[in-house]
There are 2 protein chains.
Amino acid sequence: MSQSTGGTRERIKAVALELFTEQGYEATSLREVAERLGVTKAALYYHFKSKDEIVTSVVEDRLERMDTLITWAESQPATLATRRAVIERYADAMFSGEQPSVMRFFEQNQTALKSLSAGRELRDRMFRLATALCQGDDSPGAQLRAVLALFAVHSSWFAVRTPDITDAERKQVALEVADELLAAIAEPPTRVPDLSGRNS
Amino acid sequence: MSQSTGGTRERIKAVALELFTEQGYEATSLREVAERLGVTKAALYYHFKSKDEIVTSVVEDRLERMDTLITWAESQPATLATRRAVIERYADAMFSGEQPSVMRFFEQNQTALKSLSAGRELRDRMFRLATALCQGDDSPGAQLRAVLALFAVHSSWFAVRTPDITDAERKQVALEVADELLAAIAEPPTRVPDLSGRNS
DNA sequence: GTCTATAGGTGGATAGAC
DNA sequence: GTCTATCCACCTATAGAC
């Protein structure tokens with residue numbers, strides 16, 4: 001309601017995120033952001049010292065959440081149950097709060113993010129999470145499936161074009177497909193004796 | 001060898017594509033393109049009348065190939081065999097010639113392409129192809145799986161980080177995962193006399 | 001905290017010589 | 001077919017008034 005104190009900084013982040021996602025980071029000027037907020041460019045520079053600091057600020061808490069999830073994932077046993085729990089937590093985050101906007105921004109600005117340290121870090125976390133999803137099976141197939149499981153969660157936002165579908169339904173479908181992919185990742189190189197003896 | 005006639009236009013396309021993919025369309029200036037070619041900006045404008053015409057030109061033949069594939073896909077019966085054949089043809093294209101570069105460019109520049117007509121068309125073709133992959137099953141799950149099958153082919157380029165892996169191996173893994181996804185799309189409401197009688 | 005004004009630079013694009 | 005020179009719009013970022 002009131003944008004008295006500190007509110008402006010958040011409003012800037014929100015508007016910038018929206019425009020960066022719609023039009024791209026490079027294609028969006030701070031003039032546009034300022035105009036939509038009804039202020040001038042100079043005002044933005046009071047709150048952020050540069051354009052990419054806005055991105056950094058936006059990505060920051062997302063990074064922390066990813067770190068938490070990765071750490072947790074790595075500490076769990078390399079079982080299918082763990083993988084499913086990880087992707088479910090990931091989906092929970094993606095379907096709640098403002099995280100979806102951040103991740104849509106991330107998807108839509110891969111190139112721009114390559115030259116932004118915050119972007120490179122976020123990218124790094126995605127790979128780390130994918131790697132955590134393959135604990136115990138680093139075969140190419142497993143790596144691909146892990147990445148696709150994550151992407152299933154992301155792409156459910158745009159890939160499913162059924163009209164009137166709810167967010168909950170999107171999430172459910174995403175998890176269903178993700179689970180399928182994760183199930184095809186081999187269980188850990190468990191030291192369980194190989195009963196059959198057939199193996200490549 | 002010789003860049004006498006017409007060769008320059010192709011060289012421009014190749015260099016531009018490379019830079020647009022690496023750095024992004026918006027972030028790449030024509031000065032950079034010209035510099036890498038050892039010519040001036042003005043020279044580029046002799047061959048292309050604008051920056052986005054370079055993109056159009058690059059995307060053009062890719063569009064035609066997509067159209068051919070889509071038309072073919074739509075003319076085939078809505079069976080799993082068809083879906084597999086479609087994704088295989090798609091992968092063939094993606095793993096041969098210069099198509100991979102074009103698609104990597106496409107992936108990396110989604111936002112920029114939204115404001116380019118060539119980009120919107122290519123985007124449209126991707127959705128059309130995904131739709132063709134779900135003939136007979138327009139459920140959310142099918143839509144998601146179709147998109148992921150296509151993305152499996154794309155992402156095999158970066159998702160698989162196994163060292164020394166060959167392109168052929170990447171392709172094989174991509175198809176394996178894609179087939180898995182496509183298999184989970186329901187067979188059509190076939191009107192073909194059902195010989196066995198068992199069906200959902 | 002927000003403004004006006006402006007510095008300092010780069011971008012896409014064009015005119016016209018060679 | 002390529003160059004030099006140039007236009008003009010716009011961008012990020014800063015200085016300094018209010």
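The shown structure was predicted, so the numbers you read here are calculated from the model rather than taken from an experiment.
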Working for side chain to side chain contact (heavy atoms under 4.5 Å, CB included), residues A:L129 and A:V86
CA-CA 9 Å; A:L129 187 55; A:V86 170; 3.8 Å; yes
Here the residues of residues 29-39 of chain B within 4.0 Å heavy-atom distance, strictly under, of DNA chain D are B:G38, B:V39
Mind running side chain to side chain contact (heavy atoms under 4.5 Å, CB included) on A:T111 and A:Y25 for me, showing each step along the way?
CA-CA 9 Å; A:T111 31; A:Y25 174 76; over 6 Å; no
Do B:K13 and B:S57 have side-chain atoms, one donor and one acceptor, less than 3.5 Å apart?
yes
If I take atom NZ in residue B:K41 and atom C1' in nucleotide C:dG16, what distance separates them, rounded to the nearest angstrom?
16 Å
Donor-acceptor pair, B:R125 side chain versus B:E121 backbone, under 3.5 Å?
yes
Contact summary for B:M94 and B:W157, nearest pair of heavy atoms:
O-CZ2, 3.8 Å
Under a 3.5 Å cutoff, is there a donor and acceptor pairing between the side chains of A:R123 and A:Q110?
yes
Search all heavy atoms of A:A149 against all heavy atoms of A:A178 and return the closest pair with its distance.
O-CB, 3.9 Å
Residue pair B:F20 / B:N109: nearest heavy atoms and the distance that separates them:
O-ND2, 3.1 Å
B:T8 side chain N/O closer than 4.0 Å to the phosphate oxygens (OP1, OP2) of D:dT2?
yes
Checking contacts here: which listed nucleotide (D:dT14, C:dT2, D:dT4) is nearest the side-chain heavy atoms of B:A42?
D:dT4
Non-hydrogen atoms of B:E180 and A:A184 that approach each other most closely
OE1-CB, 3.7 Å
May I have the distance from B:R9 (atom CZ) to D:dG1 (atom C1'), rounded to whole angstrom?
14 Å
I need the residues from residues 51-61 of chain A with at least one non-hydrogen atom less than 4.0 Å from DNA chain C; give them sorted by number, or say none.
none
Is the phosphate of C:dT4, meaning OP1 or OP2, less than 4.0 Å from a side-chain N or O of A:T40?
no
Any side-chain N or O of A:Y46 below 4.0 angstrom from OP1/OP2 of C:dT2?
no
Rounding to an integer number of Å, can you tell me how far A:H47 NE2 sits from D:dT14 P?
16 Å
Looking only at side-chain N and O atoms, does A:Y45 come under 4.0 Å of OP1 or OP2 in D:dT14?
no
